[in-house]
Amino acid sequence: MSQPMQHEQTENQNATDQETTHFGYQTVEKGSKESMVAGVFHSVAKQYDIMNDLMSFGIHRLWKRFTIDASGVRPGNKVLDLAGGTGDLTAKFSQLVGKDGKVILADINSSMLNVGRDKLRDRGLVQNIEYVQANAEHLPFEENTFDIVTIAFGLRNVTNKDNALRSIFRVLKPGGRLLVLEFSKPEHEILNKAYDFYSFNILPKMGELVAKDGESYQYLAESIRMHPDQETLKTMMNDAGFEQTTYHNLTGGIVALHKGYKF
């Protein structure tokens, strides 16, 4: 009798695993994560740019510049800046694709999308940019639409990353490329320990002081630790259909830029 009982327990555990996911270090129902993440970004949207500069000491601008340079973007390209938030990548892409190109800034969070739209319009960037509220797992675009898709500091917040990668693959043109800029695993243990101390002792306090929201920044620190490491994400991209997949560690692996092609 023990074997059927063990099999039943395994099936129940598998069902539970399929129904739950991580929200930082918490285990939550998959159906709840999207709204919980939304709450975080509704809360931090207005202070997002200021906090990015403070948290990274401005280095996030260099990480994003590296991503733009690695994208191989050309005049006339069509670019999807997924989880584009306040539009840092979109602004630069808009200038580089020119009047014959197009950039779509897409984000699942309406508050982030509104902040990004207002910021770019204030800078006079209007002619070749569109704004779309979209879920990365179910992109509302036709197959073979984009030359380039970027997702910067957004993939770790997606409930089902495999679904998102397959959705991105579908909307890329043959020969198109995906660039994932995301926090990752530091290469050296000393750096890893220092980074942990900063993330869990300094970052939430900074969030409390500046954004009046320490809990959201506690979640952001935890979500980084739960995100797949460099090799795991590379494998996930390969499994979604991407080829010639590579990654480049930045700032000692605190951040990594993954790149893959659709052929």
Side-chain angles (χ1 to χ4, degrees), residues 17-23 28-38 40-41 67 70-73 77-85 87 89-90 93 97 101-113 116 129-184 223 226-247 256-263:
D17 289 344
Q18 291 170 4
E19 293 166 3
T20 62
T21 188
H22 295 288
F23 177 77
V28 300
E29 293 183 3
K30 283 187 175 179
S32 302
K33 179 171 179 176
E34 187 175 312
S35 63
M36 295 172 77
V37 171
V40 169
F41 285 93
T67 302
S71 72
V73 66
N77 278 170
K78 190 167 186 179
V79 179
L80 173 61
D81 181 13
L82 186 56
L89 291 180
T90 291
F93 276 131
V97 302
K102 180 179 287 187
V103 185
I104 294 181
L105 194 167
D107 203 292
I108 195 171
N109 188 276
S110 59
S111 295
M112 294 291 287
L113 201 61
I129 301 174
E130 294 181 7
Y131 301 88
V132 176
Q133 187 170 357
N135 185 330
E137 296 181 42
H138 310 285
L139 292 172
F141 308 109
E142 294 183 1
E143 292 183 14
N144 308 323
T145 297
F146 298 99
D147 299 287
I148 299 166
V149 176
T150 59
I151 179 166
F153 306 112
L155 185 60
R156 73 180 189 280
N157 298 309
V158 174
T159 302
N160 191 316
K161 297 171 182 61
D162 293 314
N163 284 351
L165 291 170
R166 286 192 290 268
S167 184
I168 292 168
F169 186 84
R170 182 184 65 81
V171 302
L172 273 170
K173 295 178 181 177
R177 50 221 174 270
L178 165 65
L179 293 99
V180 180
L181 181 67
E182 188 56 88
F183 292 106
S184 201
S223 70
M226 300 305 295
H227 185 67
D229 65 17
Q230 289 91 326
E231 285 293 334
T232 303
L233 181 54
K234 180 181 177 182
T235 299
M236 291 168 66
M237 290 174 66
N238 290 337
D239 291 345
F242 291 94
E243 299 180 47
Q244 296 184 14
T245 309
T246 59
Y247 64 84
L257 177 64
H258 283 70
K259 185 176 182 179
Y261 291 84
K262 174 180 177 178
F263 292 124

Where do L89 and D81 come nearest, in terms of heavy atoms and distance? CB-OD2, 3.6 Å
Taken to the nearest 0.5 Å, the spacing of F93 CZ from I129 CD1 works out to 11.5 Å
I'd like to know whether D239 forms a side-chain contact (heavy atoms from CB on, under 4.5 Å) with D162, so could you lay out the CA-CA distance, the side-chain angles of the two residues, the decisive distance to 0.1 Å, and finally the verdict. CA-CA 8 Å; D239 291 345; D162 293 314; 5.8 Å; no
For residues K173 and T145, report the shortest heavy-atom separation together with the two atoms involved. CE-O, 3.2 Å
So CE of M237 and OH of Y261: to nearest 0.5 Å the spacing works out to 10.5 Å
Is there a side-chain contact between K262 and N144 (heavy atoms, below 4.5 Å)? yes
Of all the heavy-atom pairs spanning N77 and G72, show the shortest one and how long it is. OD1-O, 4.2 Å
Looking at every heavy atom in both V132 and F141, which two are closest together, and how far apart are they? CG1-CZ, 4.1 Å
Look up atom OG1 in T245 and atom CG in N238, then write down how far apart they are to the nearest 0.5 Å. 4.0 Å
Is there a side-chain contact between R177 and Q244, using heavy atoms and a 4.5 Å cut-off? no
Donor-acceptor pair between S184 and Q230 side chains, under 3.5 angstrom: yes
Report the distance from atom CG of D147 to atom CG of L172, rounding to the nearest 0.5 Å. 8.5 Å
For the atom pair CG (L257) and OG1 (T67), what is the distance rounded to the nearest 0.5 Å? 4.5 Å
Can you check side-chain contact (heavy atoms from CB on, under 4.5 Å) on L181 and T150, steps first, answer last? CA-CA 8 Å; L181 181 67; T150 59; over 6 Å; no
Which atom names give the shortest non-hydrogen contact between L80 and A106, and what distance separates them? CD1-CB, 3.8 Å
Would you call the rings of F169 and F242 parallel, tilted or perpendicular, taking 30° and 60° as the class edges? perpendicular
Evaluation steps, side-chain contact (heavy atoms from CB on, under 4.5 Å), between V79 and T90: CA-CA 9 Å; V79 179; T90 291; over 6 Å; no
Any side-chain heavy atom of N163 within less than 4.5 Å of one from V158? no
Could you tell me whether the side chain of E143 and the main chain of V171 form a donor-acceptor pair under 3.5 Å? no
Positive for side-chain contact (heavy atoms from CB on, under 4.5 Å) with H258, one of E182, M236, K234: K234
Got a second to check how far L82's CG is from N135's CG, nearest 0.5 Å? 9.0 Å
Should K161 and L233 be marked as a side-chain contact (heavy atoms from CB on, under 4.5 Å) after you check the CA-CA gap, both sets of side-chain angles, and the distance that decides it? CA-CA 9 Å; K161 297 171 182 61; L233 181 54; over 6 Å; no
In short, A134 meets L139 closest at the heavy-atom pair CB-CD2, 4.5 Å
